[in-house]
Peer 1: 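Quick one: this structure, given as structure tokens, is what I'll be asking you about.
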Amino acid sequence: AQKVTQAQTEISVVEKEDVTLDCVYETRDTTYYLFWYKQPPSGELVFLIRRNSFDEQNEISGRYSWNFQKSTSSFNFTITASQVVDSAVYFCAPIIQGAQKLVFGQGTRLTINP
Amino acid sequence: DTEVTQTPKHLVMGMTNKKSLKCEQHMGHRAMYWYKQKAKKPPELMFVYSYEKLSINESVPSRFSPECPNSSLLNLHLHALQPEDSALYLCASSQDRAGLNTEAFFGQGTRLTVV
């Protein structure tokens, strides 16, 4: 079985602050993939990143960065210099190879205040 | 084109009605999905189609009936729904089955209200 925990239900910060969204997962498999999705108020889920379990390099994409720590089963997401447009619900989702299921965490509602 | 198109965007239906949700993608993806999302909850998987064949049914009630007429289209037929079925229904597609190092692209969803 796999399980994902996003302990932060809601986060509210002021624009330009840095913010980190936590994701902790459980799996006994050695091969798996980790995803982050963003869901703005419009409802569409927007793909942000995919990592596989063999690649522990951290990744940066503009103001977004991800910290994958296999030893602690965590895949945290940081937004640097947050903007109002970053306001959304963010979902972490692990998937085990062959499971065919993208299972979402409970999500973190991020509000960036001007 | 990384677009998944869902119609209609909003739907209100009575408990005795029959309606259908439609989903279309032209990315050549061979896996398509239906998810259901209640307010303030994460999306929950309902069905997975892989190469136009139903590969996963997450014990969804028979009042929801999926159909994949071809590799670009996915329908969800609705009949005799209950008010608790009111939710956002999301369609997604991916290059191949989830779990094979491929991300899923989602449509904007159909917001369904059952009265």
Side-chain angles (χ1 to χ4, degrees), chain A residues 1-11 21 23 25 27 29-55 59 61 66 75 88-111, chain B residues 2-6 8-11 21 23 25 27 29-51 53-60 87-112:
Chain A
Q2 61 182 55
K3 183 182 172 183
V4 56
T5 301
Q6 293 183 256
Q8 304 145 308
T9 305
E10 294 191 27
I11 298 176
L21 283 61
C23 173
Y25 59 92
T27 179
D29 292 85
T30 56
T31 302
Y32 52 90
Y33 302 92
L34 301 165
F35 297 78
W36 275 93
Y37 280 84
K38 171 184 179 180
Q39 188 173 37
S42 60
E44 179 180 356
L45 280 156
V46 178
F47 165 75
L48 295 178
I49 190 170
R50 176 189 72 238
R51 303 293 291 178
N52 71 57
S53 52
F54 296 110
D55 184 359
E59 183 150 340
S61 176
W66 289 268
F75 186 40
V89 180
Y90 289 85
F91 293 100
C92 176
I95 186 166
I96 300 169
Q97 186 178 22
Q100 300 187 57
K101 296 182 183 183
L102 193 62
V103 178
F104 291 90
Q106 290 300 306
T108 297
R109 182 175 299 276
L110 176 64
T111 302
Chain B
T2 56
E3 194 172 278
V4 176
T5 304
Q6 288 187 244
K9 288 189 168 40
H10 300 273
L11 178 63
L21 308 185
C23 175
Q25 58 88 12
M27 295 176 278
H29 289 174
R30 302 315 300 267
M32 296 186 76
Y33 315 81
W34 280 114
Y35 282 82
K36 174 183 178 179
Q37 186 177 24
K38 301 283 280 184
K40 298 194 176 184
K41 294 291 186 182
E44 294 180 355
L45 183 65
M46 300 174 71
F47 302 104
V48 178
Y49 272 82
S50 180
Y51 289 84
K53 291 191 183 338
L54 183 64
S55 61
I56 292 181
N57 176 342
E58 291 286 276
S59 302
V60 179
L88 179 68
Y89 288 84
L90 292 159
C91 173
S93 70
S94 61
Q95 183 75 29
D96 208 321
R97 292 185 293 117
L100 292 181
N101 196 22
T102 176
E103 63 269 27
F105 293 89
F106 285 79
Q108 287 198 320
T110 294
R111 201 163 292 278
L112 174 68

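Quick note: numbers below take in every heavy atom, side chains included, and nothing from hydrogens, waters or symmetry partners. Proteins come first, then strands; the chains are lettered A, B, ... in the order of their sequence lines, and each starts at number 1.
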Peer 1: Would you find more than 12 non-hydrogen atoms of other residues, nucleotides or ligands less than 6.0 Å from Lys38(B) atom NZ?
Peer 2: yes
Peer 1: Where does Gln6(B) contact chain A at under 4.5 Å (heavy atoms): side chain, backbone, both or neither?
Peer 2: neither
Peer 1: So which of Gln108(B), Arg111(B), Glu58(B) has the largest heavy-atom pair count under 4.5 angstrom toward chain A?
Peer 2: Gln108(B)
Peer 1: Provide the closest heavy-atom pair for Phe104(A) versus Pro42(B) in the form atom of the first, atom of the second, distance.
Peer 2: CB-CB, 3.9 Å
Peer 1: At their closest point, which heavy atom of Phe91(A) faces which heavy atom of Gln37(B), and how far apart are they?
Peer 2: CZ-NE2, 3.7 Å
Peer 1: Rounded to the nearest 0.5 Å, what separation is found between the CD atom of Glu103(B) and the CG atom of Leu45(A)?
Peer 2: 13.5 Å
Peer 1: Any side-chain heavy-atom pair from Leu102(A) and Tyr33(B) closer than 4.5 angstrom?
Peer 2: no
Peer 1: Applying salt bridge (charged side-chain N to carboxylate O under 4.0 Å, His left out), name anything that partners Glu44(B), two or more places apart in sequence or on another chain.
Peer 2: none
Peer 1: Does any non-hydrogen side-chain atom of Tyr37(A) lie less than 4.5 Å from one of Pro43(B)?
Peer 2: no
Peer 1: Quick one: ring-ring contact (aromatic ring centres under 6.0 Å, His included) partners of Tyr51(B), sequence neighbours excluded?
Peer 2: none
